[in-house]
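Hydrogens, waters and symmetry mates play no part in the numbers below; they use all other heavy atoms, side chains included. Chain naming here is simple, since letters A, B, ... match the order of the sequence lines and numbering starts at 1 in each.
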Amino acid sequence: MLISVKNQSISFAQNRSWVKVTDHINLNLSEGQTLGIAGESGCGKSITASSLMGLLPQGKSRVEADEFLITGKCVKSYTESDWRVLRGKILSMVFQNPMTALNPLMKSGKQIEESLHLHLGLSGSQKVRQAKNLIGQMGIEDVDRIYTSYPWELSGGLRQRIMLALALAPNPRVLIADEPTTALDVTVQAQILSLIRDHQKQMGMALLLITHDLGVMAQMVDDVLIAYAGQIVESGPVKQVLTQPLHPYTKGLISSIPRLFQKKVIQGIPGRVPSPEDFPEGCRFAPRCSRAQLSCSSLTYILEPTGTDFRHSNACPLA
Amino acid sequence: MPSTDFDPVLSLRNWRVCYPLGKGLWKKARSFLPAVDGVDLDLYPGRIHALVGESGCGKSTLGSSLVGLTPWSGGDLFIQGKAFDLTSKNAPDLLRQTVQMIFQDSWSSLNPRQTVFELLAEPLAVHGFKGQNGALKELVVQALESVGLDSSALNRFPHAFSGGQRQRICIARVLNLKPRVLVCDEIVSALDISVGAQILELLRSLTSQHQMSILFITHDLATVENLASEISVAYMGKIVESGPVEKVMSKPCHPYTQALLNAMPRMGSQIRPIPLSGEIPTWEECDDLCRFRKRCPQVQNNCHQVALACTSLESKQNFYCHFPLS
């Protein structure tokens, strides 16, 4: 098991008190597995990913968990220098906006070289060859020109490819992709997704994909977690969750998607995700739920396994 | 009048928008980049016309040229069949009485120092509203209510609203002007799907209520299928295919339309081959030949030699391709 998280909660300091942003998060990721987290903005998807990379600001945030293991070792025992080894060789991350993630003052080839030097200890011509090789693998034809261009000289799609090359350079065992294609055109999105998928299959890399696009989700991952207001409300194999959703929130999300070749009213979900300071008591989705009953706002529901295979689970008892 | 239902509110013929290249304070432009290069478009009342394409194909430029935000370079514009005088000094102002626009980023299109009331009253004042304050307030509240907000919002500032609510305020701003044409530039792409769905529903009901005509600029084909009745597919400043949505989506003639459709991630379908390699090429080689030929999977000799002409089908589908898909 590469990543194992049990009952994790993350809090942030605000006005001299701690505000819990996520809680009861369970997440397991093993070699070669693909897992997705879906939900609206403000559901805690990106925060959870950052906690896995150890990127949350120290002193201002607090991560508590019954179990939080990365490659079998408890995260609490990691020092900052351990994290530096972990990030890159074991865990790698791709962000939504490559312009802010890449260094604008450094040529794109040099940035990849830096990663190769730091994590794999390559140097000299070997480093250059490997960097160009990686750029080529990203489906870029004009390798030499791109190698010597600055990120701001490149289009969004090319920039995202450089980001991906950078993340894949040290051959990580887990790739965390946080909305990797949200800012891209559909045609470029399809290219980037297939690059990630091919690399994942070839290297047996595990993939944690965060996106709000359920169409992308359906094509990329085996298992999916649906997050709402800092909790996971439904989980299971992607096919089952998307075709037979149990939780009203998942149903709402799916009915919000405009679909090709189906002319029907797009329903949407009324209201919006509450902010962490005023998460409601009981079921957090109850105020927006069309099927809410009185009992929903008094009892706390935590994800429990349902069905015969105990894999597709759902937090709503009414479903 | 039944006849007006079938006459376009706004028509463009051979519409061109060029950006000057290498222009400086003392320097003349070296050359021009034709971001919109000879586009024909008809917008009908009460209908939504979708304009789709990848980034950089000129779809936003076309939209903003309709409200005079980017200066037009050539072509004719007709409003309800009458030629519009584009050369007159106050042409942009006159045009904006008919055409209004909503942008993708609601945050940067609302002044953070104005209250919602001021935001909504300003366009009315600009367009010559003369009435008592009471009447003004009534109009503002009316507009707010028609987009699903209430008068408690009047004295609040834009930062107090969520992205979806801000986009509603943007819609309310233009409603009082009663524009006959509304240009919506990627208005839901920055929103969550659940919120975006609400905005689209609102747009749909407003269109039929006010008999507005909407030019809906987007790169999301699934939204188009759901919302629009006509579609134009743009590639490098040209419209490569246009027609009724059902026809174009179910039986695309142009390979580019097909590629866009293939690229859509869909639920319940498995991985499909990558539709297109590369991205939109640079603008240096703009000519009368097919501009898609370098990325086209069906490219043949003719494509590199023979200029394109428009082909129209009986189903009102128009396309520019030598070798259309059957």
- prompt: Take atom NZ in B/Lys247; do more than 12 heavy atoms of anything else shown fall under 6.0 Å from it?
  reply: no
- prompt: Under 3.5 Å, is there a donor-acceptor pair between the side chain of B/Asp192 and the main chain of A/Ser41?
  reply: yes
- prompt: Given B/Arg295 and A/Thr187, is the side chain to side chain contact (heavy atoms under 4.5 Å, CB included) satisfied, shown in steps?
  reply: CA-CA 12 Å; B/Arg295 289 169 83 192; A/Thr187 48; 4.2 Å; yes
query: With side chains defined as the heavy atoms from C-beta onward, is the minimum distance between A/Ser256 and B/Gln198 less than 4.5 Å?
result: no
query: Given A/Val186 and B/Leu221, is the side chain to side chain contact (heavy atoms under 4.5 Å, CB included) satisfied, shown in steps?
result: CA-CA 9 Å; A/Val186 274; B/Leu221 283 170; 5.6 Å; no
- prompt: Which atoms form the tightest heavy-atom contact between B/Met264 and A/Gln219, and what is the distance?
  reply: O-NE2, 4.1 Å
- request: Can you tell which part of A/Glu40 gets under 4.5 Å to a heavy atom of chain B, answering side chain, backbone, both or neither?
  value: both
field: Option that, when pairs with chain B are counted at under 4.5 Å, heavy atom only, ranks first among A/Val273, A/Thr182, A/Ile269
entry: A/Ile269
task: Compare every heavy atom of A/Leu253 with every heavy atom of B/Ile193, then report the nearest pair and how far apart it is.
output: CD1-O, 3.7 Å
- line: Max heavy-atom pairs within cutoff under 4.5 Å with chain A, candidates B/Gly196, B/Gly164, B/Ser194, B/Ala197, goes to B/Ser194
